[in-house]
Amino acid sequence: MISRRLSLLLLSAVAVSISACVPVLTKGDDRRTTGIYIEDGSIEDVANQRIKEKYKDSVHVNITSYNRMVLVTGEVPNETVKTEITRIVGGVQNVKDINNELVIGPLASLSSRSGDALVTGDVKARFMQGKERAKADHVKVVTENGVVYLIGL
């Protein structure tokens with residue numbers, strides 16, 4: 001009989017080995033190929049990391065990549081920073097195009113960001129209503145400062 005400690009160790013090892021497959025397993029009914037889906041995640045991660053390294057907490061930037069097309073939203077202090085963020089994102093491997101929707105101004109409040117999350121949830125729920133039901137996985141919904149962006153194929 002395997003000891004409890006050994007059982008937990010084996011369970012942990014299996015969980016760690018499976019975690020590398022999570023992006024593929026959670027892809028759902030997304031219309032992108034698995035390769036593009038993984039590239040989009042990598043684009044988002046690398047761009048976010050590079051922006052965070054350069055600007056720390058002085059900007060609020062969201063990177064959304066869909067089919068290697070990048071939507072950049074959030075707030076920055078001036079035009080120079082907005083331009084530099086476009087350059088940073090453009091330097092990430094596999095980026096095909098960038099839509100920079102950054103706003104020059106103060107960073108959005110936590111309550112504003114929470115409101116945006118509620119709007120995103122409401123828009124996704126509406127895709128499931130009505131006669132012409134759309135699959136929520138076919139469209140990525142991003143809300144920033146009350147503006148809703150729909151991205152999909």
Side-chain angles (χ1 to χ4, degrees), residues 12 14-130 132-153:
S12 296
V14 169
V16 169
S17 68
I18 291 175
S19 67
C21 299
V22 170
V24 176
L25 294 175
T26 60
K27 183 175 174 283
D29 197 21
D30 195 309
R31 290 183 173 184
R32 296 172 288 177
T33 66
T34 300
I36 296 293
Y37 181 84
I38 291 169
E39 282 180 7
D40 283 337
S42 177
I43 289 168
E44 291 175 1
D45 292 344
V46 170
N48 279 317
Q49 178 185 0
R50 290 179 183 174
I51 292 166
K52 183 86 169 160
E53 285 173 2
K54 179 152 185 154
Y55 293 104
K56 310 276 186 272
D57 295 324
S58 65
V59 298
H60 167 237
V61 176
N62 295 309
I63 304 295
T64 306
S65 180
Y66 195 93
N67 208 37
R68 298 183 293 188
M69 309 289 262
V70 180
L71 172 66
V72 183
T73 58
E75 303 83 35
V76 294
N78 56 54
E79 189 67 40
T80 303
V81 173
K82 181 177 179 177
T83 301
E84 177 63 12
I85 287 176
T86 300
R87 189 194 65 71
I88 290 169
V89 173
V92 175
Q93 185 177 5
N94 296 317
V95 170
K96 280 193 339 191
D97 195 18
I98 303 166
N99 293 305
N100 187 335
E101 298 294 328
L102 288 169
V103 173
I104 297 170
L107 303 184
S109 67
L110 182 58
S111 63
S112 173
R113 293 180 200 177
S114 297
D116 288 343
L118 289 172
V119 170
T120 295
D122 184 49
V123 171
K124 287 180 178 181
R126 289 175 187 236
F127 276 110
M128 301 308 292
Q129 298 172 349
E132 300 295 323
R133 289 186 178 179
K135 292 190 175 185
D137 288 347
H138 290 184
V139 178
K140 195 164 201 171
V141 181
V142 175
T143 308
E144 185 71 43
N145 275 336
V147 178
V148 177
Y149 301 90
L150 303 175
I151 309 165
L153 297 173

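Bear in mind that the values here come from a model prediction, so they are computed numbers and not experimental data. Keep in mind that the numbers below use all heavy atoms, side chains included, and drop hydrogens, waters and symmetry copies.
Here Glu144 does not pair with Arg113 in a salt bridge; the nearest charged N to carboxylate O distance is not below 4.0 Å. Ion pairing between a basic and an acidic side chain is recognised when a charged N comes within 4.0 Å of a carboxylate O; Arg50 and Glu53 show no such pairing. A salt bridge links Asp57 to Lys52: one of the charged nitrogens lies within less than 4.0 Å of a carboxylate oxygen. Salt-bridge annotation for Arg32 and Asp40: present, with a side-chain N of the basic residue lying under 4.0 Å from a carboxylate O of the acidic one.
Looking only at side-chain heavy atoms (C-beta outward), Lys140 and Thr64 come within less than 4.5 Å of each other. Put simply, the side chain of Tyr149 reaches to within 4.5 Å of the side chain of Thr73, judged on heavy atoms. The shortest side-chain heavy-atom distance between Tyr55 and Val61 does not fall under the 4.5 Å cut-off. Between Val92 and Ile63 there is no side-chain heavy-atom pair separated by less than 4.5 Å. Counting only heavy atoms from C-beta outward, the side chains of Glu44 and Glu39 never approach each other to under 4.5 Å. The closest side-chain heavy-atom distance from Val72 to Val89 is below 4.5 Å. At a threshold of 4.5 Å between non-hydrogen side-chain atoms, the residues Val148 and Val142 do not count as touching. Asp45 has its side chain out of reach of Ile43: every pair of non-hydrogen atoms, C-beta onward, lies at least 4.5 Å apart.
With rounding to the nearest 0.5 Å, the separation of NE2 in His60 from CD1 in Ile51 is 11.0 Å. Taking OG1 from Thr86 and CG from Asn100, the interatomic distance works out to 3.5 Å, rounded to the nearest 0.5 Å.
Side chain of Lys82 to backbone of Leu102: a donor-acceptor contact under 3.5 angstrom is found. Distance alone, capped at 3.5 Å, is enough to place a donor-acceptor pair between the Glu75 side chain and the Ala108 backbone. Asn62 contributes no side-chain N or O that, together with a main-chain N or O of Gly74, makes up a donor-acceptor pair within less than 3.5 Å. Between the Asn67 side chain and the Met69 main chain, no donor and acceptor come within less than 3.5 Å of each other. In this structure, Ser42 contributes its side chain and Ile38 its backbone to no donor-acceptor pair below 3.5 Å. A donor-acceptor contact shorter than 3.5 Å is absent between the side chain of Thr143 and the backbone of Gly146.
Just one residue in the list Thr120, Ile151, Asp122, Val119 forms a side chain to side chain contact (heavy atoms under 4.5 Å, CB included) with Val141, and that residue is Thr120.
The two residues Ser58 and Pro77 have their closest heavy-atom pair at O-CD, 4.1 Å. Annotation for Ile88 and Lys54: closest pair CD1-CD, 4.1 Å, computed over non-hydrogen atoms.
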- Evaluate side chain to side chain contact (heavy atoms under 4.5 Å, CB included) for Leu107 paired with Val76, printing each intermediate quantity in order. CA-CA 7 Å; Leu107 303 184; Val76 294; over 6 Å; no
